Amino acid sequence: MLKVILPDGKSLEYSRRVRPIDIAADIGPRLAKATLAAEVEGQWIGVHDLLPAEGEVALRLITAKDPKALDLLRHSCAHVMARAVMRLFDGVQLAFGPTVADGFYYDFQMEHALSEADFPKIEAEMARIVKEDEAFERVEMDRLEAVKFFGDLNQSLKVEHLQEGLGDQAAVSLYRQGEFVDLCRGPHVPSAGVIGAFKLLSVAGAYWRGDASRQQLQRLYGTAFFTKPELEEHLHKIEEAKRRDHRVLGRQLDLFMIDPDVGSGLVFWLPKGAAVRHELENFLYGELIRRGYQPVNTPVIGNVHLYEISGHFPYYKDSQFPPIEMADGERYLLRPMNCPHHIMVYKSRPRSYRDLPLRLAEFGTVHRFEQSGELNGMTRVRGFTQDDAHIFCTEDQVAGEFRGCLEMTQFVLKTLGLNEYSVRLGFRDPASDKYVGSAENWRRAEEALERVCGEMNLPNLHIERGEAAFYGPKADFVVADCIGREWQLGTVQLDYNLPSEQRFGLEYIGDDNTPHRPVMIHRAPFGSFERFVGMLIEHFAGAFPLWLAPEQVRVMVVSQKVEEYGRAVERQLTEAGFRVSGDYRAEKIGAKIRDAQLALIPYMFVIGGREAENDQVAVRDRVEGDLGAMPLAAAIERLRAEVAAKTVKKK
RNA sequence: GCUAGCGUAGCUCAAUCGGCAGAGCAGCUGAUUUGUAAUCAGCAGGUUGUGGGUUCAAGUCCCUCCGCUAGCUCCA
């Protein structure tokens with residue numbers, strides 16, 4: 001006898017083995033039709049899966065209204081896609097087919113190279129399968145039995161996974177839909193007919209089991225929704241996002257460029273982009289001074305010997321610009337990071353505990369030879385400037401300093417209105433051998449970090465094992481770009497390694513008159529100016545707040561008759577410290593306004609005969625429109641206040 | 001680096017089966033002197049990413065290299 005307890009407290013009893021679909025049917029035929037899955041003791045199961053023969057289970061029926069139901073639908077759609085591909089092409093080996101943030105993919109190994117030209121054909125076959133509306137069916141199997149089963153089907157990737165990838169798991173589950181069957185944990189929607197709308201999006205390569213040394217599979221991406229309007233809205237959103245891509249806006253707004261003749265991944269900051277960066281540098285510099293940092297400037301190249309001591313040189317050899325060898329045999333490396341140089345500043349004289357914490361800051365330019373396929377606009381480049389600093393402190397000061405770094409990063413992000421980010425604690429993967437330093441140091445560092453972060457109110461704080469730097473654990477501020485890719489911006493990293501005996505052997509004399517070892521903190525609130533500004537362009541869709549706008553005001557004359565007064569206004573704005581330009585073309589005022597609107601200039605000062613007579617300007621706000629005429633002095637005061645407050649206007 | 005796709009004027013894009021490289025915007029010149037999102041006319045702009053091949057003929061087909069895009073791998 002099985003007792004099924006429903007969420008509303010009612011219960012049903014069964015003396016035969018039942019499935020969720022049976023229970024839904026007993027409650028009502030309409031519910032049976034709408035039920036996609038069931039939740040039993042926190043686990044989702046399929047509608048056709050058998051419940052236990054006896055005992056008591058709490059059961060919740062899942063319909064399309066459940067937010068997680070979309071995942072279920074997409075995973076089922078992935079199976080439908082794989083089925084269509086297998087129907088259309090020969091020799092298809094199945095790999096994995098999970099859901100991702102906005103859709104799903106399936107990996108295949110097959111002779112035919114898939115391309116977008118194949119999409120209509122595959123989509124048509126998928127539509128046929130959806131129309132056929134066959135049920136998904138769960139099959140349980142002993143693992144060895146499954147090895148034979150997939151072996152008979154010539155699915156060698158599945159056999160390999162069953163033999164090597166599943167540990168000592170004894171039984172596995174398969175899902176079958178018509179002639180298609182795959183190893184799958186499930187659950188699935190009851191039948192394919194539930195899939196209301198789907199679309200294939202792209203095809204790309206992916207390594208078997210994410211290992212670059214193994215064979216490459218073809219990964220087919222798609223997405224699915226319960227209804228067509230939802231799909232269309234999603235596709236529309238993707239189009240909108242493309243419009244705010246920093247690479248597109250960077251060109252349109254003349255912010256930056258990359259010239260392949262100079263080198264891939266090497267960014268030119270054009271005058272307008274440089275203006276934005278300059279404002280950000282000023283802002284950060286002020287914060288550094290306020291928070292007790294001491295700015296330094298250090299060389300952008302250094303003797304290879306230095307990086308051998310730090311351990312970077314042999315370790316990251318492949319992703320560095322190769323060293324320059326001089327006639328005397330000395331070798332110099334374009335620096336891939338600033339830390340060793342700041343360490344040399346620390347070492348330039350004996351240090352006392354009274355010097356600590358020593359906070360050395362530098363907008364330091366570094367170069368790394370990233371693989372060509374990893375380059376991306378401003379977000380992944382080969383030369384970039386970090387808003388870097390290194391804090392040398394005592395063991396006792398670590399928690400407080402680390403906290404200070406996190407607070408500064410939060411302050412910076414808040415000032416810019418960047419509130420959508422998550423904080424990732426990158427810890428060591430104990431199974432890997434890529435880390436240096438004693439297990440004891442790692443344990444201490446990770447504990448300290450977790451404690452400090454836990455005390456603060458950090459958004460979406462989560463731990464990821466294996467995400468640590470090779471020398472210590474870190475806290476990364478991760479922001480998603482307009483098409484959903486995640487980028488690490490700010491970072492705070494703890495380092496017990498570089499100060500150690502094996503590396504630079506840093507010391508300070510304590511109040512007990514004996515030498516002690518300092519701890520190092522690496523931190524960069526922006527990460528790099530390149531990546532940060534790339535994200536900011538997308539965040540603001542190119543419409544920077546007044547204090548950052550490359551061009552803050554455009555003066556425009558209604559007629560060239562008042563050009564003289566216009567130029568006087570422009571001069572006064574320049575003298576008041578604003579970035580300003582003037583439009584004295586023989587165009588209609590409507591055309592000038594349109595051009596300024598498209599250039600996303602925050603303020604337009606319109607000047608005609610009336611203003612010229614009264615020493616006024618007609619102020620137009622890019623977002624709010626015409627604000628009417630006011631004395632020039634009042635307009636300047638208004639702008640000053642807005643710049644000082646670093647106001648971020650909601651669109 | 002790997003897999004796939006793409007590369008035409010400064011930008012966005014055309015060019016049917018391999019048959020005279022073209023438009024809009026931007027630029028320049030002239031006219032127009034304008035009141036809150038596009039005044040009109042004209043001019044100029046190209047070794048179709050590079051190098052090679054096939055062909056009577058290549059933007060179009062094939063190969064090489066370079067670059068870009070998506071994903072994978074990587075990210076001190």
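Reminder, nothing fancy here: chain letters follow the sequence lines and each chain counts from 1. Bear in mind the structure is a predicted one, so any value in this text is a computation, not a measurement.
Base pairing in RNA chain B yields stems of at least 3 consecutive Watson-Crick or G-U pairs, both distances under 3.5 Å, namely B:1-7 with B:66-72, B:10-13 with B:22-25, B:27-31 with B:39-43, B:51-53 with B:61-63.
Residues forming a salt bridge (Lys or Arg N to Asp or Glu O under 4.0 Å) with A:Arg610 (at least two apart in sequence, or on another chain): none. In this structure, A:His367 has no side-chain hydrogen bond (donor to acceptor under 3.5 Å, both in side chains) partners at least two apart in sequence or on a different chain. With sequence neighbours excluded, no residue satisfies salt bridge (Lys or Arg N to Asp or Glu O under 4.0 Å) with A:Glu464. Under the side chain to side chain contact (heavy atoms under 4.5 Å, CB included) criterion, A:Leu88 pairs with A:Lys121, A:Ile122, A:Glu125, sequence neighbours left out. With sequence neighbours left out, the side chain to side chain contact (heavy atoms under 4.5 Å, CB included) criterion links A:Ala241 to A:Cys482, A:Ile483.
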Collect all protein-nucleotide pairs involving nucleotides 6-16 of chain B in which both atoms are nitrogen or oxygen and the distance is under 3.5 Å.
none

Would you tabulate the nitrogen or oxygen pairs shorter than 3.5 Å linking the protein to nucleotides 68-70 of chain B?
{"unit_1": "B:C68", "atom_1": "OP1", "unit_2": "A:Ser264", "atom_2": "OG", "d": "3.3"}
{"unit_1": "B:U69", "atom_1": "OP1", "unit_2": "A:Arg247", "atom_2": "NH1", "d": "3.3"}
{"unit_1": "B:U69", "atom_1": "O3'", "unit_2": "A:Arg247", "atom_2": "NH1", "d": "3.4"}
{"unit_1": "B:A70", "atom_1": "OP1", "unit_2": "A:Arg247", "atom_2": "NH1", "d": "3.1"}
{"unit_1": "B:A70", "atom_1": "OP1", "unit_2": "A:Arg247", "atom_2": "NH2", "d": "2.9"}
{"unit_1": "B:A70", "atom_1": "OP1", "unit_2": "A:Arg485", "atom_2": "NH1", "d": "2.8"}
{"unit_1": "B:A70", "atom_1": "OP1", "unit_2": "A:Arg485", "atom_2": "NH2", "d": "3.3"}
{"unit_1": "B:A70", "atom_1": "OP2", "unit_2": "A:Arg247", "atom_2": "NH1", "d": "3.3"}
{"unit_1": "B:A70", "atom_1": "OP2", "unit_2": "A:Asn376", "atom_2": "ND2", "d": "3.4"}

Using atom names, set out every protein N or O paired with an N or O of nucleotides 33-40 of chain B below 3.5 Å, distance rounded to 0.1 Å.
{"unit_1": "B:U33", "atom_1": "O2'", "unit_2": "A:Lys561", "atom_2": "NZ", "d": "3.2"}
{"unit_1": "B:U33", "atom_1": "O2", "unit_2": "A:Gln560", "atom_2": "N", "d": "2.9"}
{"unit_1": "B:U33", "atom_1": "N3", "unit_2": "A:Gln560", "atom_2": "OE1", "d": "2.5"}
{"unit_1": "B:U33", "atom_1": "O4", "unit_2": "A:Gln560", "atom_2": "OE1", "d": "2.5"}
{"unit_1": "B:U34", "atom_1": "OP2", "unit_2": "A:Lys561", "atom_2": "NZ", "d": "3.1"}
{"unit_1": "B:U34", "atom_1": "O4", "unit_2": "A:Ala586", "atom_2": "O", "d": "2.5"}
{"unit_1": "B:U34", "atom_1": "O4", "unit_2": "A:Glu587", "atom_2": "N", "d": "3.4"}
{"unit_1": "B:G35", "atom_1": "O6", "unit_2": "A:Gly609", "atom_2": "N", "d": "2.9"}
{"unit_1": "B:G35", "atom_1": "O6", "unit_2": "A:Arg610", "atom_2": "N", "d": "3.1"}
{"unit_1": "B:G35", "atom_1": "N1", "unit_2": "A:Glu611", "atom_2": "OE1", "d": "2.8"}
{"unit_1": "B:G35", "atom_1": "N2", "unit_2": "A:Glu611", "atom_2": "OE1", "d": "3.2"}
{"unit_1": "B:G35", "atom_1": "N2", "unit_2": "A:Glu611", "atom_2": "OE2", "d": "2.6"}
{"unit_1": "B:U36", "atom_1": "O2'", "unit_2": "A:Arg620", "atom_2": "NH1", "d": "3.1"}
{"unit_1": "B:U36", "atom_1": "O2", "unit_2": "A:Arg620", "atom_2": "NH1", "d": "3.2"}
{"unit_1": "B:A37", "atom_1": "N6", "unit_2": "A:Gln597", "atom_2": "NE2", "d": "2.9"}
{"unit_1": "B:A38", "atom_1": "N9", "unit_2": "A:Arg594", "atom_2": "NE", "d": "3.3"}
{"unit_1": "B:A38", "atom_1": "N7", "unit_2": "A:Arg594", "atom_2": "NE", "d": "3.3"}
{"unit_1": "B:A38", "atom_1": "N7", "unit_2": "A:Arg594", "atom_2": "NH1", "d": "2.8"}
{"unit_1": "B:A38", "atom_1": "N7", "unit_2": "A:Arg594", "atom_2": "NH2", "d": "3.4"}
{"unit_1": "B:A38", "atom_1": "N6", "unit_2": "A:Arg594", "atom_2": "NH2", "d": "2.5"}
{"unit_1": "B:A38", "atom_1": "N1", "unit_2": "A:Arg594", "atom_2": "NH2", "d": "2.8"}
{"unit_1": "B:U39", "atom_1": "OP1", "unit_2": "A:Glu587", "atom_2": "OE1", "d": "3.2"}

Listing time: all N or O pairs from protein to nucleotides 60-64 of chain B that are below 3.5 Å?
none

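Counting only residues at least two apart or on different chains, the salt bridge (charged side-chain N to carboxylate O under 4.0 Å, His left out) pairs with a member in residues 249-273 of chain A are A:Lys272-A:Glu551. Each salt bridge (charged side-chain N to carboxylate O under 4.0 Å, His left out) pair with one or both residues in residues 467-478 of chain A, not counting sequence neighbours, appears once here: A:Arg424-A:Glu467, A:Arg424-A:Asp476, A:Lys474-A:Asp476.
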